[in-house]
**Q** 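Here it is: the structure, laid out below.
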Amino acid sequence: MGTGFFNQGDLVGVLTTQPLDRVLDYKAPEGGCFLGAFVEVPLGPRKVLGVVWGPGKGDWDYAKTRSVIRVLDVPPMREEMTEFLEKAGAYTLTPLPAMLRLATRSPGLGDPPSMRKIYRMGHSAPDRMTPARNKVLAVLEEFGGLSFTLKELAEMAGVGGSVVKGLVAQGAVAEEESPRDLPFPPLDPSRPSKPLTDDQSAAVAALNDGDGYATTLLKGVTGSGKTEVYLEAVADCLKRGRQALVLLPEIALTSEFLTRVEVRFGARPAEWHSGVTMTERRRVWRMVGEGGAELVVGARSALFLPYRDLGLIVVDEEHDTSYKQEDGVLYNARDMAVLRASLCGAKVVLASATPSLESWANAEAGKYRRALLTSRFGDAVLPEMRAIDMRGEDLPGGRWVSPTLQREIAARIERGEQSLIFLNRRGYAPVTLCRACGHQIGCEQCDARMVEHRFLKRLMCHQCGETKPMPTICPHCEAEDRLAPIGPGVERMGEEVSTLFPEARVSVLSSDHYATARQLKAHIESIAAGEADIIIGTQLVAKGHNFPLLTLVGVIDADLGLQGSDLRAAERTFQLMRQVAGRAGRAEKKGLALLQSFQPEHPVIRAILSGDEEGFWRAEAVEREQAGVPPYGRMAGIVLSGPEVGPVFDLGNHLARNDAALKRIGAQVFGPAPAPIARIRGRHRVRLLVKAPKGVPLQSALAQWTGGLRLKGDLRLSIDIDPQSFF
Ligand code: ADP
Ligand code: ZN
């Protein structure tokens, strides 16, 4: 390739985002093009987006080869990015076009820079309010200072463009000319940081040591100052003139973090997640490539932005399962962050109070560095943890708060402190049972029960999201008024707690209760300010929020996560329980965490209570090593699905019988078996698991094993490398 430049008429190979399995030849356009150039090419009757991936193969009649239509006005894809897409694609067994789609998730990528009209909140009130006008103003209100294009604003409000124009005429909405895609305001890393403790300074020094690739596991209890510490890694990266990326597991956490960035660096960073408007996405994509965005805060897909010079990736709450993409391209953002960083000489910080066993093992093996924060910042101390042995509690059926827990809550209310009741179950009741015939209402599309959501007055399937009104007649035996809720969800806990404490202010915190992230944030802030005595929450509350008045955490069912066959069940329960408990006593008051359990002698419950984290990981590591499962062996999940169960199983059996490619690398196949959720959205699902020793070429064996298959009709096959959950 030499210089990486192609003259007009030279053959170039172009990778498009279309699902084709090869790179296509085109002629370089007038003016030529660089390797990596983003281009528009003809494909049949259409024009599609592509990237110049290399020289053409020339195995096609030159005269008939079509020309690249135009080169887009964005910097060419860097070699480091090409390499990242290829390696990540090879690792996850994802075809390159799908990888390229991840890297081009920006609207109007090829549009030339220009001026455009934008709309923001105006200064006058409209003469007359209509429901449509109200919707427009509500959108502007919700997104604060942001501005929108006419199309975006109208679409988000669900109204026609004329409604917006009408508001402009009245001065209620302001219309302005604005250049597209302004750079983000510069961040100032030389502003003073908070004075760090010795522990924190040592951690910062460890993170910032050296200037090539390195991954550091930053482990510290909630409230120990991990965020404070990794902000100093960001500062160091910015001082070196490189870009930084901070990945967070939840959009709900970004706003608190953005504020902290602003306090530390004097300006807000670029944001990239599903809540960001199209215009803003386009701006972030372009500015990241041109160097007009120094810091990006976002969700896992921010890994695929075209950074000009990425020097640091922070993965906060690195153990969080939401880093694993479970749809489309199945990748784990934590692992891909390490891959990307190793290719561009960047540092990685994996921050967590309860690291994944994978990261813990990598640190043990010396592949990752370690930085430890051992105590909470300031006077805050770790909560005391105790089990409530439910076998000894006197509790009538249909009630879940034990007398012991009830007494502790009462004492908190007396002292003006907050209590959190934790139950990781959304809705009112997980099961709706007919007392006449025993029928449990299930989803028609999935192999799952419908969950009653009293707040929404509907039944909901947590697999496919399907809802239906709460019936009064049993769909099976048609008995009337015999349907009964079985088991608790957070909404039902809200009822019980309100009955136990009629005077208390009870607040249920569950993602179903909020239409927007903004509402959720406002509610969390009001709780933090003291506007609730008892909070009832799902795992939403386990993540990063700060409630200074909270001194008691009561876990309704600590055994919940221990059931099930997931190899990570113990690890998950351990992480979740430690994290929830960490919500208590963050300020100067000492916290208490009480775990209701029917098996307090279970080793996992004992490890949680004793706080012997190293002991827990070591024991867990030994078990997994003996079983030859991750991180000491490799696994892949293969899910086959189709509308009829027969052909799906036939395909599964065919694969299981023809496993020579796997045998060659010493891998074993288990299955086919019905997947744990055997039906989703009307499709039957069958699963095979492949277990291989560490260090063998698993991906190429899998590719060989499944490569020759012809999937008939509506059959689908998906391969999940390092499956997190065994859906
Ligand atoms: P983590 O990310 O480990 O949960 P944070 O970085 O959020 O911890 O720190 C917890 C709280 O303590 C925050 O309010 C933070 O501002 C404060 N804090 C941590 N370290 C310091 C410090 N060195 N000086 C002042 N405040 C600090
Ligand atoms: Zn019935």
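Everything numeric here is computed off the predicted structure, so don't read it as measured data. Read the numbers this way: they start at 1 and go in the same order the structure lists the ligands and their atoms. What's counted below: heavy atoms across the whole structure, side chains too, no hydrogens, waters or symmetry copies.
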**Q** Short list, please: which atoms of ligand 1 are under 4.0 Å from a heavy atom of Gly225?
**A** 1 (P), 3 (O), 5 (P), 6 (O), 8 (O), 9 (O), 19 (C)
**Q** Give the single entry among Gly223, Ala353, Pro195 that approaches atom 10 (C) of ligand 1 most closely by any heavy atom.
**A** Gly223
**Q** Is Glu232 paired with Arg264 through a side-chain N to carboxylate O contact shorter than 4.0 Å?
**A** yes
**Q** Of the side chain and backbone of Lys194, name the one, both, or neither that has a heavy atom under 4.0 Å from an atom of ligand 1.
**A** side chain
**Q** Report the residue from Val349, Leu218, Leu248, Leu247 that forms a side chain to side chain contact (heavy atoms under 4.5 Å, CB included) with Asp316.
**A** Leu248
**Q** Inspect the contact between Asp557 and Arg425 and indicate whether a charged nitrogen and a carboxylate oxygen are less than 4.0 angstrom apart.
**A** no
**Q** Relative to atom 7 (O) of ligand 1, which among Lys226, Glu228, Arg260 owns the nearest non-hydrogen atom?
**A** Arg260
**Q** Ring centres under 6.0 Å, that's the criterion: do Phe84 and Tyr307 meet it?
**A** no
**Q** Between Glu408 and Arg412, is there a side-chain N and carboxylate O pair less than 4.0 Å apart?
**A** yes
**Q** Should Gly220 be listed as contacting ligand 1, given a heavy-atom distance under 4.0 Å as the test?
**A** no
**Q** With atoms numbered from 1 as shown, which atoms in ligand 1 lie under 4.0 angstrom from a non-hydrogen atom of Val221?
**A** 3 (O)
